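What follows is a short report on a single structure.
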Amino acid sequence: MANPDPRIETLERDIAALVEQRQTLRAEGAAARELERNRREIVSRQHELSETLISIYAPQPAFAIA
């Protein structure tokens with residue numbers, strides 16, 4: 001099996017840290033603004049992860065190879 005792409009590992013760690021932060025924010029009764037900021041950051045990192053995975057694993061059209 002090939003070595004995993006470091007970008008994927010980094011993004012997965014970032015997402016896990018943000019989710020942990022969100023749990024802490026909720027447990028401490030954080031303001032809606034803080035929770036929304038955290039949610040948007042999670043969504044942003046998930047989007048980056050999706051785009052990275054697509055760029056690595058999605059088949060490329062034949063015309064794009066030339």
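Everything numeric here is computed off the predicted structure, so don't read it as measured data.
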(message) If I take atom CD1 from residue Ile42 and atom NE2 from residue His47, how far apart are they, to the nearest 0.5 angstrom?
(response) 16.0 Å
(message) Do Ile54 and Leu49 land in one hydrophobic cluster if side-chain heavy atoms of ILVMFWY residues count as linked below 4.5 Å?
(response) no
(message) Going by the rule side-chain hydrogen bond (donor to acceptor under 3.5 Å, both in side chains), which residues pair with Glu12 if we only count those two or more places apart in sequence or in a different chain?
(response) none
(message) Is there a side-chain contact between Ile8 and Ile56 in this structure, where contact means two heavy atoms from C-beta onward sitting under 4.5 Å apart?
(response) yes
Distance-only check: which donor-acceptor pairs under 3.5 Å involve side-chain atoms of residues 19-33, not counting sequence neighbours?
residue	atom	partner	partner atom	Å
Gln21	OE1	Asn38	ND2	2.9
Arg22	NH1	Leu35	O	2.7
Arg22	NH1	Asn38	OD1	3.4
Thr24	OG1	Glu20	O	3.2

(request) Output the distance between atom CG (Leu18) and atom CZ (Arg40), rounded to the nearest 0.5 Å. (result) 14.5 Å
(request) To the nearest 0.5 angstrom, please state how far the CG atom of Asp5 sits from the OG atom of Ser55. (result) 7.5 Å
(message) Closer than 4.0 angstrom, basic N to acidic O: yes or no for Glu34 and Arg37?
(response) no
(request) Drop me the distance from Thr52's OG1 to Arg45's CZ, to the nearest 0.5 angstrom. (result) 11.0 Å
(request) Measure from the side-chain N and O atoms of Ser50 to the backbone N and O of Gln46, and report whether any donor-acceptor pair falls under 3.5 Å. (result) yes
(request) With sequence neighbours left out, write down each residue that passes side chain to side chain contact (heavy atoms under 4.5 Å, CB included) with Glu9, or none if nothing qualifies. (result) Pro4, Arg13
